[in-house]
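For ligands, and for the atoms within them, numbers begin at 1 and follow the listed sequence. Heavy-atom basis, side chains included; hydrogens, waters and symmetry copies ignored. Along the sequence shown, residues carry numbers from 1.
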Amino acid sequence: MKTVVITGGNDGIGRGLALTRLERGDKVVVIGRSEEKGKGLLAAAEERGAGDRAFFIAADLSLVAENRRVLDEIKASFPVVDALVLCARFFRSDRFQTADGYENTFALEYLSRYLLSHGLTETLEKSEAPVIVNVAGPGIQKPGIRWQDLQSERGYNGVGAQMQAGTANDLLGVAYAAEHTGRTRYVLINPGSTATSIAGQYDAMTKAHVDALKRMGKPVAQAVAPIDAVIDAPPVEPLSAYVEGERIRVDHPALFDKDAAARLATVTEELLAR
Ligand SMILES: NC(=O)c1ccc[n+]([C@@H]2O[C@H](COP(=O)([O-])OP(=O)(O)OC[C@H]3O[C@@H](n4cnc5c(N)ncnc54)[C@H](OP(=O)(O)O)[C@@H]3O)[C@@H](O)[C@H]2O)c1
């Protein structure tokens, strides 16, 4: 029986994975904001006879202190974690600044993943085959990091913020694999367009696009399968990446830039030390 921690497990791919792993006999810890959706997930677990193996932690992962509280709660309750799956996301057409002073997409979709990946490593290392699965957008040529404007204070747009978070997660994988030489494998997964809740605050034009995506995206089960597979059998290499189930190379200097990865890790530590 594995212990699988899933952020954003209240909806979409994270929820699909949570129910799949519960049906498989695992312990699953879901993290999301909505208590109501969390109760729904626990009820779905109960219906599957897995109520005693399903756990929900309510937290706003866009806040640094909430990530630290979640880490403390997980470490206090689960001596070993086999898989950490990072799925929490929230699109914003309008720039939103968190109480910590970070742009929301940066905070939720990158900083939280940085904190949880590094913060849970000791607990993951107690597993025989530990893996972190960062579900984001590897394999797509994206704009680089806006080093002079990391918090998108100038000329914010929602898609640009998502793209920067995607790049930051690719670099997080590169830096994590270079820093941690233990057993934990880092896997970047791009599920491709999938019909999920695609949670967000949208302007009219973006909403029309998202509605079309919800109609035309692949079923959640298809996006879940490759994540499920790497939890069962993590790759041998410290870092790997997949696009819609196909493994891609991680030595492309433009997509997985080692210097930029090291620079982002340093900048992130400086931000967190403020
Ligand atoms: N769907 C696609 O087409 C697609 C394509 C490429 C990549 N991906 C990636 O796949 C992953 C899963 O995407 P999805 O489409 O399945 O997601 P989704 O259906 O939009 O669900 C996102 C989840 O994030 C949670 N969340 C939002 N804000 C949060 C916060 N501040 N703190 C904690 N949790 C928060 C939401 O739960 P609450 O409402 O309870 O907070 C929700 O359960 C994401 O990383 C996404 O970038 C998806």
Side-chain angles (χ1 to χ4, degrees), residues 5-20 29-42 44 56-67 69-70 84-92 96-100 102-113 115-117 132-140 142 158-159 161-170 172-173 187-202 206-207 209-227 241-245:
V5 174
I6 307 172
T7 72
N10 267 348
D11 292 286
I13 298 168
R15 188 175 197 275
L17 180 71
L19 295 177
T20 300
V29 186
V30 159
I31 305 154
R33 277 172 313 179
S34 164
E35 294 267 10
E36 206 181 314
K37 288 188 209 168
K39 277 187 196 152
L41 182 93
L42 295 180
F56 175 69
I57 302 176
D60 180 347
L61 294 175
S62 69
L63 299 171
V64 171
E66 286 280 86
N67 283 277
R69 174 177 65 81
V70 164
L84 167 66
V85 184
L86 302 161
C87 285
R89 63 170 292 281
F90 194 86
F91 185 97
R92 282 187 183 271
F96 179 81
Q97 192 157 302
T98 69
D100 295 329
Y102 299 117
E103 185 278 313
N104 191 77
T105 313
F106 177 88
L108 174 65
E109 296 184 23
Y110 165 65
L111 200 55
S112 162
R113 294 177 186 215
L115 286 163
L116 296 176
S117 296
I132 298 173
V133 186
N134 190 334
V135 186
I140 294 172
K142 302 178 280 291
V159 173
Q162 289 287 329
M163 289 289 170
Q164 172 165 265
T167 302
N169 280 316
D170 293 347
L172 168 57
V187 182
L188 298 159
I189 287 194
N190 181 346
S193 294
T194 310
T196 66
S197 79
I198 316 186
Q201 170 267 316
Y202 298 107
T206 314
K207 186 170 181 314
H209 176 73
V210 166
D211 288 345
L213 191 66
K214 281 187 193 175
R215 284 195 303 275
M216 285 152 33
K218 68 162 78 86
V220 163
Q222 261 179 45
V224 165
I227 306 173
Y242 296 78
V243 179
E244 300 194 65

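With hydrogens and angles disregarded, no donor-acceptor distance shorter than 3.5 Å links the side chain of R92 to the backbone of N104. Checked by atom type and distance alone, the side chain of N67 pairs as donor or acceptor with a backbone atom of L61 at under 3.5 Å. Put simply, the side chain of R89 gets close to the backbone of A199: a donor and an acceptor are under 3.5 Å apart.
Every residue meeting the side-chain contact (heavy atoms from CB on, under 4.5 Å) condition with A168, not counting sequence neighbours, appears here in chain and number order: Y110, I145, L264. Scored by the ring pair (Phe, Tyr, Trp, His ring centres under 6.0 Å) test, Y242 finds no partners at all (sequence neighbours excluded).
Close approach to N10 involves these atoms of ligand 1, each under 4.0 Å from a residue heavy atom: 37 (O), 40 (O), 43 (O). Ligand 1 places these atoms under 4.0 Å from at least one heavy atom of A59: 32 (N), 33 (C). Using a 4.0 Å cut-off to heavy atoms of I198, the atoms of ligand 1 that qualify are 18 (P), 19 (O), 20 (O). Atoms of ligand 1 lying under 4.0 Å from any heavy atom of I13, numbered from 1 in the order shown and given with element: 10 (O), 16 (O). Listed by number with element, the atoms of ligand 1 under 4.0 Å from a non-hydrogen atom of A199 are 20 (O). Counting atoms of ligand 1 from 1 in the listed order, those under 4.0 Å from a heavy atom of G12 are 16 (O), 19 (O). Using a 4.0 Å cut-off to heavy atoms of S193, the atoms of ligand 1 that qualify are 3 (O).
Looking only at heavy atoms of the protein, atom 41 (O) of ligand 1 is closest to R33 NE, 2.8 Å. Given atom 45 (O) of ligand 1, the protein heavy atom at minimum distance is V135 O, 2.6 Å. Among all protein heavy atoms, the one lying closest to atom 12 (C) of ligand 1 is C87 O, 3.4 Å. From the protein, the heavy atom lying nearest to atom 18 (P) of ligand 1 is S197 OG, 3.3 Å. The shortest contact between atom 2 (C) of ligand 1 and any protein heavy atom is with T194 N, 3.6 Å. Distance from atom 8 (N) of ligand 1 to its nearest protein heavy atom, with residue and atom name: P191 CG, 3.6 Å. At the shortest separation from atom 31 (N) of ligand 1 among protein heavy atoms lies D60 OD1, 2.8 Å. Protein heavy atom nearest atom 36 (C) of ligand 1, with residue, atom name and distance: D11 OD2, 3.9 Å.
When every heavy atom of A165 is checked against every heavy atom of T105, the shortest pair comes out as CB-CG2, 4.1 Å. Closest non-hydrogen pair, E109 versus F90, comes out as OE2-N, 3.0 Å. The shortest heavy-atom contact between A44 and L19 is CB-CD2, 4.0 Å.
At a 4.0 Å cut-off, not a single heavy atom of A223 sits close enough to ligand 1 to count as contact. Within the structure, ligand 1 has R113 among the residues with a heavy atom less than 4.0 angstrom away. Not a single heavy atom of G137 lies less than 4.0 angstrom from ligand 1. Note on ligand 1: G217 sits outside its first shell, no heavy atom being nearer than 4.0 Å.
Note: an N/O pair closer than 3.5 Å links T196 and ligand 1 by distance alone. For ligand 1, the polar-atom distance check against G32 finds no nitrogen or oxygen pair separated by under 3.5 Å.
With salt bridges taken as basic N to acidic carboxylate O contacts below 4.0 Å, one links K207 and D211.
Separating the SG atom in C87 from the CD1 atom in I6 is a distance of 7.0 Å, to the nearest 0.5 Å.
In the displayed structure, K39 atom NZ is contacted under 6.0 Å by at most 12 heavy atoms of other residues, nucleotides or ligands.
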Show, in sequence, the C-alpha distance, side-chain angles and deciding distance for E35 and F56, and conclude whether the side chain to side chain contact (heavy atoms under 4.5 Å, CB included) test is met. CA-CA 8 Å; E35 294 267 10; F56 175 69; 4.2 Å; yes
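Residue R89 touches ligand 1 through backbone and side chain together, judged by heavy-atom distances below 4.0 Å.
Considering only heavy atoms from C-beta on, M163 stays 4.5 Å or farther from T167 through its side chain.
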